[in-house]
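Quick notes on the structure that follows.
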Number of protein chains: 2
Amino acid sequence: MSPAESIPPCDLLSIGAAARASGVKVPTIRFYEEAGLLPPLPRTDGNRRLYDTAQVQRLAFIRHARELGFDLDAIRALLQLQGHPDQSCAEVDAIARARLTEVRRRIAALKALEAELDLMVRACDHGRIGDCRVIETLADHTHCRFHTETDERPAPPPHAPQTRPPQATPKRRAPR
Amino acid sequence: MSPAESIPPCDLLSIGAAARASGVKVPTIRFYEEAGLLPPLPRTDGNRRLYDTAQVQRLAFIRHARELGFDLDAIRALLQLQGHPDQSCAEVDAIARARLTEVRRRIAALKALEAELDLMVRACDHGRIGDCRVIETLADHTHCRFHTETDERPAPPPHAPQTRPPQATPKRRAPR
DNA sequence: CTAAATCCTCTAGTGACTAGAGGAGCAAGC
DNA sequence: GCTTGCTCCTCTAGTCACTAGAGGATTTAG
């Protein structure tokens with residue numbers, strides 16, 4: 001079909017192929033581009049994005065960094081630094097250390113949480129709600145000996161899709 | 001001023017006073033009301049909300065539950081159950097246990113994260129970015145021995161206001 | 001040629017708030 | 001009565017990192 005001198009663009013992938021190769025979902029790739037984590041991409045005549053190996057690696061980098069909980073600002077900085085191999089890696093180190101500190105802080109907070117929840121649950125004698133220690137503990141903050149700030153949030157995992165039933169929002173409004 | 005038979009509404013608080021008493025911020029109280037965590041509230045002639053001791057206690061309950069990371073759906077359920085003291089507390093127990101399980105899951109995930117970040121940071125010899133293990137580890141997922149799902153997210157704490165500089169969104173758009 | 005798959009852009013939704021605009025009520029001091 | 005300053009009201013929009021879906025264009029396979 002094609003002679004040897006033709007250059008097949010065999011390393012240029014569509015967004016779907018790039019998604020499969022990098023493990024980042026298609027809409028997320030577009031979102032990252034919009035957020036400035038990817039450089040402006042070449043397009044086909046039909047306006048479709050094209051990804052080379054470098055972009056796919058960049059996406060994998062982003063994905064791994066996200067799995068480690070770096071936020072997009074930090075990832076932007078890391079990507080920028082990655083482009084300057086001769087600079088000192090002090091900044092890289094600082095970003096990673098900051099993240100590590102944050103993770104340790106959160107572990108400590110969650111352990112305090114765990115302890116309090118565990119106490120609560122253990123104290124429950126499975127009787128009437130009126131006597132329930134769980135409710136009582138929640139109602140009266142002074143019962144609890146742990147006073148940590150938690151910044152805890154039940155968050156959807158970035159890599160576990162977690163099917164959720166489409167619940168109707170019951171937002172009541174005051175009638176007027 | 002007022003004779004003994006007049007009934008001063010001394011236990012009816014304004015939203016600001018309720019906020020100070022419960023530790024929940026004013027806009028958050030209004031948000032909770034809109035979200036259906038508080039019953040419809042009486043108002044003054046001037047349309048201002050009035051809170052009695054029961055409502056303040058309810059707010060403190062919500063606050064403590066939020067500090068323990070219960071989401072608003074769980075809190076709605078707990079508040080509902082709290083209103084039926086003669087029922088079995090099995091459901092309360094289940095909600096608290098589910099939360100405990102989730103917290104433990106997140107602690108485990110964060111510990112795996114911590115280990116990987118720690119390895120990364122330790123491996124960095126503070127030289128050139130080109131040789132930086134942190135960047136390298138991020139770029140190549142196969143380097144890492146920890147493969148946990150993290151559902152981790154750098155989240156703003158509900159009780160630590162965390163002043164953030166008002167950054168301009170740099171959202172670039174493709175020129176066309 | 002058609003049908004299916006993939007792609008495009010754009011808008012809106014998630015959770016649990018937070019920030020701010022623009023206006024109204026209310027108590028104290030003059 | 002009037003002003004000042006505080007608190008309150010409603011409403012909209014923003015946060016973060018996506019996700020879902022509409023409505024249409026393009027590409028590929030049969």
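We name chains A, B, ... by the order of the sequence lines, and we start the count at 1 in each one.
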- Query: Is A:Arg30 touching bases, backbone alone, or none of the nucleic acid, heavy atoms closer than 4.0 Å?
  - Reply: base
- Query: Under 4.0 Å between a side-chain N or O of B:Lys25 and OP1 or OP2 of C:dC17?
  - Reply: no
- The single option from B:Leu78, B:Val24, B:Leu38 passing side-chain contact (heavy atoms from CB on, under 4.5 Å) against B:Ile62: B:Leu38
- Task: Indicate whether OP1 or OP2 belonging to D:dC18 is found under 4.0 Å from a side-chain N or O atom of A:Tyr32.
- Result: yes
Polar atom pairs (N or O), protein with nucleotides 3-6 of chain D, under 3.5 Å:
none

- Query: Is there a side-chain polar atom (N or O) of A:Arg43 under 4.0 Å from OP1 or OP2 of C:dT9?
  - Reply: yes
- Determine, for A:Lys111 against A:Glu114, whether the closest basic-nitrogen to carboxylate-oxygen distance falls under 4.0 angstrom. no
- Message: Once rounded to the nearest 0.5 Å, what's the spacing between atom CZ of B:Arg49 and atom CG of B:Leu41?
- Response: 7.0 Å
- Query: In Å and rounded to the nearest 0.5 Å, what is the NE2 to CZ distance from A:His84 to B:Arg128?
  - Reply: 13.5 Å
- Looking at B:Thr28, does any N or O in its side chain come under 4.0 Å of the phosphate oxygens OP1/OP2 on C:dC17? no
- Message: Between the side chains of B:Arg104 and A:Asp118, is the shortest nitrogen-to-carboxylate-oxygen separation below 4.0 Å, so that they form an ion pair?
- Response: yes
- Nucleotide D:dC18, atom C1' - distance to CZ of A:Arg63 in whole Å: 15 Å
- Take nucleotides 24-30 of chain D nucleotide by nucleotide from the 5' end and write B, S or -, depending on whether a protein heavy atom sits under 4.0 Å from the base, only from the sugar-phosphate, or from neither. -BBS---
- Item | B:Glu102/B:Arg99 salt bridge by N-O under 4.0 Å criterion | no
- To the nearest 0.5 Å, tell me how far B:Ile135 CD1 sits from B:Asp140 CG. 13.0 Å
- Can you tell which of C:dC7, C:dA16, D:dC18 lies closest to the side chain of B:Arg66? C:dA16
- Message: Do the side chains of B:Arg30 and B:Glu34 get close enough for a salt bridge, i.e. N-O under 4.0 angstrom?
- Response: no
